[in-house]
Structures are given as C-alpha cells and as structure tokens.
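For reference, the structure discussed in these notes is given below.
So that the names make sense, note that chain A is the first sequence line, chain B the second, and so on, each numbered from 1. The analysis underlying the following values was restricted to heavy atoms, covering all of them including side chains, and did not include hydrogens, waters or symmetry mates.
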Amino acid sequence: MSRYALSLTSSPAPQTPQTNSPKPTPEALQNALLHTFKSPFELKQIHAQIIKTNTPLSVLQLSHVASVCALTPTFPYATKIIQLSGKHETDIWNSCLKDFAESDSPYDAVRLFSQLCTYGVCLNDYTFSFILKACTKLSDGLGGRIIHGFVEKLGFQSNLFLQNSLVHLYVVSGEFDNARQLFDKMPDRDVVTWNIMIKHLVQRGNVDEAYGLFGKMPERNVRSWTSMIMGFVRGGRPEQAIDLFAKMEEAKVCPNEVTVVAVLAACADLCALDLGKKIHDYSNRSGFKRNVRICNTLLDMYIKCGCVEAARGVFEEMEQRTVVSWSAMIQGLAINGKGEEALTLFSKMIESQIKPNEVTFTGLLHACSHMGMVNEGREYFASMSRDYGIVPQIEHYGCMVDLLSRAGLLKEACEFIKNMRIKPNGVVWGALLGGCRVHKNIELAEEAIKHLLELDPLNDGYYIVLSNIYAEAKRWEEAANVRKLMRENGVKKTPGSSSITIEGVVHEFVAGDETHPQTDEIKERWDKLLEEMRVRGYVPNTSVVLLDIEESEKVKFLFRHSEKLAVVFGLINTANGTAIRIVKNLRVCEDCHAALKLISEIVDREIVVRDRNRFHCFKNGVCSCKDFW
DNA sequence: ATAGGGTTAG
C-alpha cells in the first residue's frame, strides 16, 4: 500500500498547479491522479477524489480504472465506482474486454469474461463479439463452444455478427463440423459468412469445393474474389487464378493490396511477365508502393521470371526491407547464376543489422552449390547455427549434399549424410545420386538408390537417373533392369512439360505432343533452325534418350522435347526481339541446353527457361548457368 | 464499440 502511495506523491504530475497558476479543474486533478494510477490498491484514493470534487469520471477514465482492476480482487469495488458514475457499466467492461482481446495476451479477455459472469455484470452482443475474438486468437474451440452456449441462452443466437464470429472461431480451431453445421442452419448469411467458409475450404486444400461455394454466393466483394484467386494459387493452379482475376476485372471489382499479392504470385508461378508488369503498374498507381509485402511479392515475381535486374530495381527502391526481401533477393541471384553477388548481398544484409533466418541460408547454400563454392558453403553451414542460432533443417542438409556431390566429393557427401542429426529424406539421397551421375560413380549411386527405393519408391526421377548412369557406362542390361523394376513398382515416367504464357494465355507443351494446332508450323520452323544449328556445329546428343530404339528414331524423339516445342512456338507467336520465357516441370535436358544456346544466338533473342531447380538464361549463345548445373 | 485475405525455400 505504502509503496503505491509513495509512487503517487513522488511521480511528476504534469497538471499539478504551480503557485501562481489558476486552480485546476476537478477533471484535471482526476487526470493527474489517473496518470499515475497503475495499481488497484489506489482505488480508494480515486474514490475519495470523486467524492471530494463531486465530479464523476469520464468514460475514458473509467475504462482505465476498469482495465487496472479487471483481473484483481478489487473488481467489485471498480464495478461500484463505475455504477456510481452513472455510465453504462457494460460499455465500460466491453471496451476493456476489447483491449484485452486485441492485446498480446488475449487470455486476459477470457479471465475478464469469467469475472463478468461471476459478478453478474450484464452482458450484451458486443461482449460476446469481443470474447469470441479472444477465443479465435487463442484457437480455443472448447471456449468457443462454451460461449456459443451462453449466446444461445441469452438469446443472441440470431445475431449475424456473432454467428459469423462463431463460424470463424470453429474453423480456426479446426472444428470444421461445428462450423459447417452452424453455417448450414444459418437462416441469413452475408458476404462475410461466405468468405469465411471459402477461405477455410481453401486452407484445407479443398479448392474445388471453395469454388463451388464461390459460385453459389449471392454477392461477392473484393475479399471473396481475392480469397478464391489466392486459393487457386495455393492449390498450384495459377492459370485458374489468372482466369478468375480476368473475371474479377469484368465484374468491375477493384483489386486491393491483397489481390495484387495473389495475382503477382500467380504470375510468378507462370512466368507471366507481361501481366506481372501490368500489376506492378497498377500497384504503383494505386499507391501500394510502400507496402512491404507487395514489394516482396513483386521482387519474387521478377526473380521467378528470370528478370534479376528488375528485381534488383524493386529491391533498391524499397523504403524498408525485411528479412524476406533480402532472402528473396539472395535466392534470386543464386538461381540466376550470380552466386558471388548473392554472397556480397548477404554481407550487406548483415551490415544493415538484419538478422538472417533459415530461408536466407537456403539461398546462400544454393548460391554456393550452383557455383561450386564448396568451402564457402561449408562455412555458411557451420555459421548458421554457430553465429545465428539457426538449427539446420532438412533443406539445408539437402543443399550441402548437393554442393559436395556436384563438386565430386561423393565420399564426403555420403559421410555427411550418415552423420546427419535428422533422418535424411529423398531429396538428400537424391542429391547424392545426381552427383553420382555427373561423376560416374556407380557404386555410390547404388547405395543411394537403396535408400531412395525405401524412402520414395514412387518417384520416377530416381529410377531415370540410375538407368542413365548405367546407360552411360554402357551397362545396358542393368539399365534395362532398372526400367523393369520401375514397371514392376508401377512407376510411370512423368512426361516433360513446358509452358509459355503469351498475353495472359498459358500454352502447355508435353513431350511428343503433336496435337497442337500449330504443330506443322512449329516443325517447319524447327527444321529451318536445325539447318543453321548444324552449320554452327550442333550434333544431336542422343545419349539422353533412354529408349531402346534406332539412332535415327532417337533423334526424332529429341526434337519433340517439350522445351524445344515451347520455344519454337514462342518464336513464331511473339515479336522479333522479345524474350521468350518457358517454365519446365523437370530439369532441362543436355541436348536442349546445347540447342537453346545456339538458337538464342541464331534468332538473337533472350530465352529464359525456368526448370525444376534453377534458371537458364540463354543469350548470344551462352547460358547464365555457365554450363554448371 | 462488434465478423472475413497477403510476402522469401521446399
């Protein structure tokens, strides 16, 4: 008690009168008192002041008193003071409840709610909306069910706000059946109700069902469209995301910041640079330039379109950069053949006092592995836990094995796997297998495949690589055995597929596909290119064709690779001089790599191929990967 | 005074 009294008298009270200044108003005196009021034990003084000056506390002052006393035994005393003030008691406690619900410790709201119940304070619909907000923050479904009971008992069950809050709470706390049940029996739903359901169907990966609801909604607002677009992006269906965005524009709904993020993500996935640039323009026109998340997504879009310089432009113009901005830029440089710059950028990041996270290190390790910088990679790997306290994840181990294996340090890579502190996965052993192919080590490849067949027996890629390794060593019988094993295990080779987006339309080419309406035109153009390529020394590399067929047949197969089809299609259907951007589902084959280098020179165009792992920017006969991949 | 989207790797 005395401690608080002391603090009251000794603390500076700005409104305390000076000797000659006019007498302070009672309200100023109360404010002065409240200014230092931090403990419920001072309530008596407050109360005395009220009586002495005969001035009731304002709503703001009462709320302050309420929040100090809310979770203490002085609660009933505070209630009394609020009642004496003549102000509406429920309002005061509600505002306090709201503050707690929005604070970092929403559980305080739950405790206050229980006080309100214990002392019989009158509750209204606002009370419930705030306590539900707190429960939502806590993902407290059980609490939700209890509150739901209260809501019904007190007759608020037909309040749409509360119904929506309850549906949201159930869905957030994973009680989807309860959410659905409530949703189904709601007599009236508004756009918020539908949006909640769509959002959470999407989060459960149920994009089709979400789209079903989207179709049934009586009205849609910008959030409905955005959630659905985002749903398609997250569900790996960026074409549909972009289609829907076009429909949104037709419906004359104005995109907001979140829409911009969603559509940019779709552009990034599709390498749809034209649309991406349009959205960039729109974003600037709409004044979204200072939004860090938008900038990060823009940066990522340019990176994923292979436009490192445009990405750098966005990065440099940013007013604020978060760890996400730096990590995205580092990763971007890494997979675009600019590993050294990635490492330099990391030093700048550290100078800027930005703390790296696990993603930053993934980018750094990628930079090292794509450039063959073994010692640097080892050092970063050691540094991440030593200097930054980041525990390496499976991705980091994967990068390290990739780094060592590509550099030919296969034994060390193998040892590294065996000493890992977590269980290696398919990616880790797969990295070793990949290195074994480059460095022609059959023995370790067999060791790797043993693990891979256990870990990931349905992944066709590993069989293909092993079969390749045997074939390149001219051990045909073993190569055939691998393919036989593949058949026995019911594993099918994923067909190569490449896509190109022209004016917002995605054109997809699957290896060997001859059904495209422009097939003849593509062939014709290819034959012309081939003549010029041969003049420049191109020899078809049939070793990448694993089929047991005639050499001349193999050559035909080579010409049907999806990336070649997509590139030639792009040459035909875009203006001279424009860059061609292709996305491939697998890695680029060696023959295509050699061919595309020459084509970039012959037609004097930039050709960007984003494959499973990285970018290949072909320009003037060379590739940004410097043939190290 | 009350309800519903967003960023980097894989």
Side-chain angles (χ1 to χ4, degrees), chain A residues 59 63 88 90-99 101-102 124-134 136 156 159-169 171-172 189-200 202-203 220-231 233-234 255-265 268 283 288 291-301 303-304 311 314-315 318 321-332 334-335 349 356-367 393-399 425-428 612-613:
Chain A
V59 171
S63 299
H88 193 20
T90 306
D91 289 350
I92 305 291
W93 288 119
N94 278 352
S95 110
C96 189
L97 195 62
K98 175 178 189 274
D99 289 343
E102 288 170 355
N124 65 15
D125 46 345
Y126 288 91
T127 321
F128 286 110
S129 81
F130 298 134
I131 184 64
L132 286 173
K133 189 189 197 115
T136 305
F156 293 112
N159 180 312
L160 187 55
F161 269 91
L162 295 183
Q163 288 172 336
N164 284 343
S165 303
L166 279 164
V167 172
H168 186 220
L169 169 55
V171 112
V172 163
R189 307 179 184 113
D190 68 359
V191 66
V192 177
T193 326
W194 290 90
N195 287 352
I196 294 168
M197 290 305 277
I198 285 182
K199 169 73 184 126
H200 289 281
V202 156
Q203 270 183 354
R220 304 174 189 89
N221 64 13
V222 59
R223 287 189 184 220
S224 331
W225 289 94
T226 303
S227 293
M228 203 56 239
I229 291 174
M230 191 65 89
V233 175
R234 296 244 169 99
N256 65 15
E257 277 115 316
V258 187
T259 324
V260 165
V261 168
V263 180
L264 284 173
S283 170
F288 299 163
N291 182 318
V292 182
R293 292 192 195 193
I294 288 200
C295 291
N296 289 341
T297 316
L298 258 176
L299 174 58
D300 184 53
M301 184 275 292
I303 288 293
K304 295 213 168 109
V314 173
F315 182 79
M318 285 174 77
R321 298 180 196 100
T322 62
V323 61
V324 175
S325 331
W326 289 91
S327 305
M329 197 65 221
I330 288 172
Q331 164 74 6
I335 59 175
M349 172 178 176
N357 66 12
E358 59 280 10
V359 185
T360 321
F361 279 95
T362 314
L364 285 172
L365 294 175
H366 273 146
Q393 301 170 326
I394 195 77
E395 286 84 359
H396 302 109
Y397 286 103
C399 287
N425 64 5
V427 178
V428 173
R612 233 185 143 70
N613 274 1

Across the strands shown, which category fits [X] at heavy-atom distances under 4.0 angstrom: base, sugar-phosphate, nothing?
{"X": "A:Ser95", "value": "nothing"}
{"X": "A:Asn291", "value": "base"}
{"X": "A:Ile294", "value": "base"}

Side-chain donor/acceptor of A:Asn296 to base of B:dG6, under 3.5 Å: no
Using the side-chain heavy atoms of [X], tell me which of these nucleotides is nearest: [options].
{"X": "A:Asp91", "options": "B:dG5, B:dT7, B:dA1", "result": "B:dA1"}
{"X": "A:Tyr126", "options": "B:dG6, B:dG10, B:dT2", "result": "B:dT2"}
{"X": "A:Gln203", "options": "B:dG6, B:dA1, B:dA3", "result": "B:dG6"}
{"X": "A:Gln393", "options": "B:dA9, B:dA3, B:dT7", "result": "B:dA9"}
{"X": "A:Phe130", "options": "B:dA1, B:dA3, B:dT7", "result": "B:dA1"}
{"X": "A:Glu395", "options": "B:dA1, B:dG6, B:dG10", "result": "B:dG10"}
{"X": "A:Lys133", "options": "B:dA9, B:dA3, B:dT8", "result": "B:dA3"}
{"X": "A:Lys98", "options": "B:dT2, B:dA3, B:dG5", "result": "B:dT2"}
{"X": "A:Lys304", "options": "B:dG6, B:dA9, B:dT2", "result": "B:dA9"}
{"X": "A:Ala328", "options": "B:dG6, B:dG5, B:dT8", "result": "B:dT8"}

Atom pair distance, as rounded to whole Å: [atom1] in [X] and [atom2] in [N]:
{"X": "A:Met230", "N": "B:dG5", "atom1": "CE", "atom2": "P", "answer": "11 Å"}
{"X": "A:Trp93", "N": "B:dT2", "atom1": "CH2", "atom2": "P", "answer": "20 Å"}
{"X": "A:His200", "N": "B:dA3", "atom1": "NE2", "atom2": "C1'", "answer": "12 Å"}
{"X": "A:Gln331", "N": "B:dT8", "atom1": "CD", "atom2": "C1'", "answer": "8 Å"}
{"X": "A:Arg321", "N": "B:dT7", "atom1": "CZ", "atom2": "C1'", "answer": "16 Å"}
{"X": "A:Asp190", "N": "B:dT2", "atom1": "CG", "atom2": "C1'", "answer": "13 Å"}
{"X": "A:Phe156", "N": "B:dT2", "atom1": "CZ", "atom2": "P", "answer": "17 Å"}
{"X": "A:Asn357", "N": "B:dT8", "atom1": "CG", "atom2": "C1'", "answer": "8 Å"}

Syn or anti conformation of B:dG6, syn meaning chi within 90° of 0: anti
N or O in side chain of A:His396 less than 4.0 angstrom from B:dG10 OP1/OP2: no
Side-chain N,O (A:Arg234) to OP1/OP2 (B:dT7) below 4.0 Å: yes
Derivation and outcome, side-chain contact (heavy atoms from CB on, under 4.5 Å), residues A:Val427 and A:Glu395: CA-CA 8 Å; A:Val427 178; A:Glu395 286 84 359; over 6 Å; no
Residue list, salt bridge (Lys or Arg N to Asp or Glu O under 4.0 Å) with A:Glu102, at least two apart or on another chain: A:Lys98, A:Lys133
Qualifying residues under side-chain contact (heavy atoms from CB on, under 4.5 Å), relative to A:Val192, sequence neighbours excluded: A:Asn164, A:Asp190, A:Ile196
Donor-acceptor pair, side chain of A:Thr226 and main chain of A:Arg223, under 3.5 angstrom: no
Plane angle bin for A:His168 and A:His200 - parallel if under 30°, tilted between 30 and 60°, otherwise perpendicular: tilted
Value rounded to 0.5 Å, distance of CG in A:Asn357 from OG1 in A:Thr362: 8.0 Å
